[in-house]
> 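Below is one structure. I have some questions about it.
Computed from a predicted structure; not experimentally measured. Below, chains carry the letters A, B, ... as their sequence lines are ordered, and counting in each starts from 1.
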2 protein chains.
Amino acid sequence: MNNRQGSLTELEGAILSEIHHRGASTAFKVRKAFQESMSLEWRGSAGAVYPAIRRLTDRGVIDAAETGSGRGTVLLSLTPQGVAVMEDWICDAERAASVGLDPFRLRSGMWDRLPPVRKAEAMAALRRTVEAEIAALRQYVVSLDPIERPRIELAISLQLTRLDWLDGQRAS
Amino acid sequence: MNNRQGSLTELEGAILSEIHHRGASTAFKVRKAFQESMSLEWRGSAGAVYPAIRRLTDRGVIDAAETGSGRGTVLLSLTPQGVAVMEDWICDAERAASVGLDPFRLRSGMWDRLPPVRKAEAMAALRRTVEAEIAALRQYVVSLDPIERPRIELAISLQLTRLDWLDGQRAS
DNA sequence: TTACTCATGTAACAAGTTACATGATTTA
DNA sequence: TAAATCATGTAACTTGTTACATGAGTAA
């Protein structure tokens, strides 16, 4: 989590991308965007977003221009250096290719060790919940812009893989 | 992250499972197991594992029995309540079915917005890295016990899905 | 004028990270 | 006896979380 020279946290990278690609001009709007659409990964908590933007501004990758409006609105944009840093973050193949944190995968070897009845209940509940997630994601995906759509499509693929895996377990 | 009544962090749940299912009897061995085989998700840092075990012991779900050996070895086991708490964690369908944190998915909408040359380079590097990950996982999976194997098989499935997705991008 | 939205942020807390400190026992 | 391994842990730090505080502008 050391934040020196060039490396960004996932949240920081996402914030830069949001500002650059979607022209989200204020911290408030960035937060809103995270809360509404990226809620899969983060909550967009004020206590995370505002400090992150402060860090990025201090590092010179975000330019914060006060508007003098009564609401205290501060317009955010990327400096040229910020664009470079953002692109490096997007193109970091090592990080992009790492498997990440997956609560399903983490538990996947343990369901089989449960008492039989408990296991059967758990698998059934799991299947229902995954199916519900897929339905929700499918309904959600139609309304999305080009940045968000792949994210949700990949989430659907992940859930379908889980469903397949659950089928395989039932067969064995 | 509030840790009251029944709820466990992912690390805490994994620790309980490790102790119960694999009979990992000391904090040291739990750490080792995380470092060696679960490194996909965590580092098994001392600063995470020891405090987590302390929390679980204080909550009465782990029984810590000192052996009086010169090395200060403390044998860990689950209390009956601990087994119940662990099973609840394993069977938590809401959490198991959530998509988790995925650095690939997070970036997936952004590669398309890069300058064409940069994009082509990034996609090529990504493909190479994902393929290397798959090769490494396939080599690794043969040597695993029944708890670990599904985890790695699902990681391979995830990487294959990514590869498919990259193919789809190249086609369009 | 009341309520909602825009807009900023801080404080207390949770739970990871690395790096360090300490010492006993076993193996080469 | 020197090095590796077993075994415990703490300290400083990072970066998330929720909950709270403050206030201006806008729409009912």
> Taking the six-membered ring for Trp, are A:F104 and A:W111 parallel (under 30°), tilted (30 to 60°) or perpendicular (over 60°)?
perpendicular

> Quick one: B:L11 CG to D:dT17 C1', roughly how many Å, whole number?
17 Å

> Distance-only, no hydrogens or angles: does the B:E41 side chain make a donor-acceptor pair with backbone N or O of A:V99 under 3.5 Å?
no

> Let me check something: any side-chain donor-acceptor pairs from residues 65-83 of chain B under 3.5 Å, sequence neighbours excluded? List them with distances.
| unit_1 | atom_1 | unit_2 | atom_2 | d |
| --- | --- | --- | --- | --- |
| B:T67 | OG1 | B:S69 | N | 3.3 |
| B:T67 | OG1 | B:T73 | O | 2.9 |
| B:S69 | OG | B:R71 | N | 3.3 |
| B:S69 | OG | B:T73 | OG1 | 3.3 |
| B:T79 | OG1 | B:G60 | O | 2.8 |
| B:T79 | OG1 | B:V61 | O | 3.4 |
| B:T79 | OG1 | B:G82 | N | 3.0 |

> Think B:S69 has a side-chain N or O under 4.0 angstrom from the OP1 or OP2 of D:dA7?
no

> Once you round it to whole Å, what is the distance between P of C:dA14 and CH2 of A:W42?
23 Å

> Any salt bridge linking B:E10 with B:R95? Criterion: basic side-chain nitrogen under 4.0 Å from a carboxylate oxygen.
yes

> Applying side-chain contact (heavy atoms from CB on, under 4.5 Å), name anything that partners A:F28, two or more places apart in sequence or on another chain.
A:T26, A:K32, A:Y50

> Which nucleotides of nucleotides 5-10 of chain C have their base under 4.0 Å from a protein heavy atom (B), which only their sugar-phosphate (S), and which neither (-), written as one string 5' to 3'?
BBBBBB

> When the side chains of residues 127-138 of chain A are checked against the rest of the protein, which donor-acceptor pairs come out under 3.5 Å, sequence neighbours left out?
| unit_1 | atom_1 | unit_2 | atom_2 | d |
| --- | --- | --- | --- | --- |
| A:R127 | NH1 | A:D167 | OD1 | 3.4 |
| A:R127 | NH2 | A:D167 | OD1 | 2.5 |
| A:T129 | OG1 | A:A125 | O | 2.7 |

> Reading DNA chain D from 5' onward, which residue's closest nucleotide shows up sooner: A:G70 or A:G44?
A:G44

> To the nearest 0.5 Å, how far apart are OG in A:S157 and CH2 in B:W165?
10.5 Å

> D:dT14, OP1 or OP2 - any side-chain N/O from A:R55 closer than 4.0 Å?
no

> Among pairs that include at least one residue of residues 155-166 of chain B, which meet salt bridge (Lys or Arg N to Asp or Glu O under 4.0 Å), considering only residues two or more places apart or in two chains?
B:D102-B:R162

> Going by heavy atoms closer than 4.0 Å, what residues in residues 61-68 of chain A are next to DNA chain C?
none

